[in-house]
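Right, one structure below, let's go through it.
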Amino acid sequence: YRGTPYIRNFHKSVYNADTQNWGISQDNQGFIHFANNDGLLSFDGVEWNLTRISSISPLRSILVDSHNRICVGLINDFGIISRNGDKPSSFISLKNLLPEEFREFDEIWKIHEVSEGIVFQCYDYIFLYANDTIEIIKPGTRFRFSFKLRDKILVHEPGVGIYELSGNKLVRSDWWDDH
């Protein structure tokens, strides 16, 4: 049919990884990367490549940032995947940049790029990574979801409301009042 995009489904026996993919992001070379239960699943249009990141945690989130870095979130960890040429090779954890009392947290569900750096969001904290340091933003209660909308990061706290990330602070969002 005219205007109907071609969709091709790939069975797990073709890409040789787990059936659950939690996130997807494309790099500036056209490679598509998936946060998969088995690790980082990459597709160049012809071949699939699986890079195992952790033996105990699935990848839960992924973002290829404007510098073409592959940022990933796991259970109780997050970081950047280094490359060997075009191929992802190994995981570099950023958790060691956190003070000891913040090193136990839940799953990193969302990753966003903002002008201040990279936002890694879990239910317990928002970690803002820039210049090899991490700023920690705490919720009033607990974070649920975060979204990037018109270059703004909106964060939901159940029972409290929607907040906007402004620099390294959360401010009550009035975005809904204007739209």
Side-chain angles (χ1 to χ4, degrees), residues 20-28 31-37 39-42 51 53-54 57-83 88 90-176 178-179:
Q20 280 189 303
N21 293 293
W22 296 96
I24 183 172
S25 193
Q26 187 172 11
D27 69 21
N28 66 13
F31 290 72
I32 300 175
H33 303 282
F34 301 85
N36 182 276
N37 275 354
L40 175 69
L41 186 59
S42 303
T51 304
I53 304 302
S54 170
S57 174
L59 287 189
R60 289 290 199 225
S61 53
I62 187 167
L63 171 79
V64 178
D65 72 5
S66 60
H67 302 287
N68 210 36
R69 295 180 299 185
I70 302 172
C71 307
V72 295
L74 300 88
I75 298 171
N76 205 37
D77 207 351
F78 59 95
I80 295 172
I81 297 177
S82 66
R83 297 180 193 241
S90 61
F91 174 65
I92 302 163
S93 176
L94 299 175
K95 185 176 174 177
N96 63 316
L97 298 175
L98 295 172
E100 191 68 41
E101 65 268 23
F102 295 101
R103 290 188 185 176
E104 294 297 321
F105 51 89
D106 56 17
E107 298 161 275
I108 300 292
W109 286 108
K110 295 284 188 170
I111 306 171
H112 308 284
E113 184 172 15
V114 294
S115 59
E116 295 84 4
I118 303 297
V119 171
F120 294 88
Q121 182 252 315
C122 63
Y123 293 150
D124 294 332
Y125 308 106
I126 288 176
F127 301 116
L128 178 58
Y129 171 70
N131 303 318
D132 292 323
T133 62
I134 295 177
E135 290 192 54
I136 300 161
I137 301 164
K138 300 175 200 170
T141 57
R142 194 164 160 85
F143 295 124
R144 180 61 67 162
F145 300 109
S146 64
F147 303 92
K148 188 168 187 178
L149 184 65
R150 295 186 186 164
D151 296 323
K152 296 178 187 278
I153 302 297
L154 300 177
V155 184
H156 174 235
E157 281 194 52
V160 179
I162 305 290
Y163 287 86
E164 182 180 324
L165 184 64
S166 178
N168 63 354
K169 305 256 187 286
L170 290 176
V171 294
R172 183 85 167 160
S173 178
D174 61 357
W175 188 87
W176 300 108
D178 297 333
H179 297 82

Over 12 non-hydrogen atoms of neighbours within 6.0 angstrom of CG in Asn96 | yes
Side chain to side chain contact (heavy atoms under 4.5 Å, CB included) between Ile153 and Gln121: does it pass, once the steps are laid out?
-> CA-CA 11 Å; Ile153 302 297; Gln121 182 252 315; over 6 Å; no
For Ile108 and Arg60 the tightest heavy-atom approach is O-CB, 3.4 Å
Going from CG on Leu59 to CD1 on Ile70, what distance comes out if it is rounded to the nearest 0.5 angstrom?
-> 10.0 Å
Least distance between heavy atoms, Ile134 atom then Leu98 atom | CG2-CD2, 3.7 Å
Is there side-chain contact between Glu113 and Leu63, with heavy atoms separated by less than 4.5 Å?
-> yes
Report yes if some heavy atom in the side chain of Tyr129 is under 4.5 Å from a heavy atom in the side chain of Ile80; otherwise report no.
-> yes
Start with the C-alpha distance between Phe127 and Cys122, add both sets of side-chain angles, then the distance that settles side chain to side chain contact (heavy atoms under 4.5 Å, CB included), and finish with yes or no.
-> CA-CA 8 Å; Phe127 301 116; Cys122 63; 4.2 Å; yes
Atom of Val155, atom of Ser146 and distance for their closest heavy-atom approach = CG2-CB, 4.1 Å
Please check if the distance between the ring centroids of Phe105 and Tyr125 is under 6.0 Å.
-> no
Verdict with supporting geometry, Phe120 and Ser61, side chain to side chain contact (heavy atoms under 4.5 Å, CB included) | CA-CA 9 Å; Phe120 294 88; Ser61 53; 5.9 Å; no
Apply side chain to side chain contact (heavy atoms under 4.5 Å, CB included) to the pair Leu165 and Leu170, showing each step before the final yes or no.
-> CA-CA 5 Å; Leu165 184 64; Leu170 290 176; 3.9 Å; yes
Does atom CG of Asp151 have more than 12 heavy-atom neighbours from other groups under 6.0 Å away?
-> no
Asp65 side-chain N/O to His67 backbone N/O, donor-acceptor pair under 3.5 Å = yes
Specify the closest pair of heavy atoms between Leu128 and Gly167, including all atoms of both residues, with the distance to one decimal.
-> CD2-O, 3.8 Å
Rounded to the nearest 0.5 Å, what separation is found between the CD1 atom of Ile62 and the OG atom of Ser42?
-> 7.0 Å
Rounded distance (nearest 0.5 Å) linking atom CD1 of Ile118 with atom CZ of Phe78 = 11.5 Å
Rounded to the nearest 0.5 Å, what separation is found between the CG atom of Asn76 and the NZ atom of Lys95?
-> 3.5 Å
For Arg142 and Pro158, indicate whether the former's side chain and the latter's backbone hold a donor-acceptor pair under 3.5 Å.
-> no
Does the side chain of Val72 come within less than 4.5 Å of His33's, by heavy atoms?
-> no
So, Asp106 side chain and Tyr123 main chain: donor-acceptor pair closer than 3.5 Å or not?
-> yes
Please report the closest heavy-atom contact between Glu116 and Ala130, naming both atoms and the distance.
-> O-CB, 3.0 Å
dist Lys152:NZ -> His112:NE2 (nearest 0.5 Å) comes out at 14.5 Å
May I ask you to test the Phe91-Asp77 pair for a side-chain heavy-atom distance under 4.5 Å?
-> yes
Should the pair Phe147 and Phe145 be assigned to parallel (<30°), tilted (30 to 60°) or perpendicular (>60°) ring geometry?
-> tilted
Taking all non-hydrogen atoms of both residues into account, name the closest pair between Ile92 and Ser82 and its distance.
-> CD1-CB, 3.8 Å
Rounded distance (nearest 0.5 Å) linking atom CD1 of Ile81 with atom CG of Leu40 | 4.0 Å
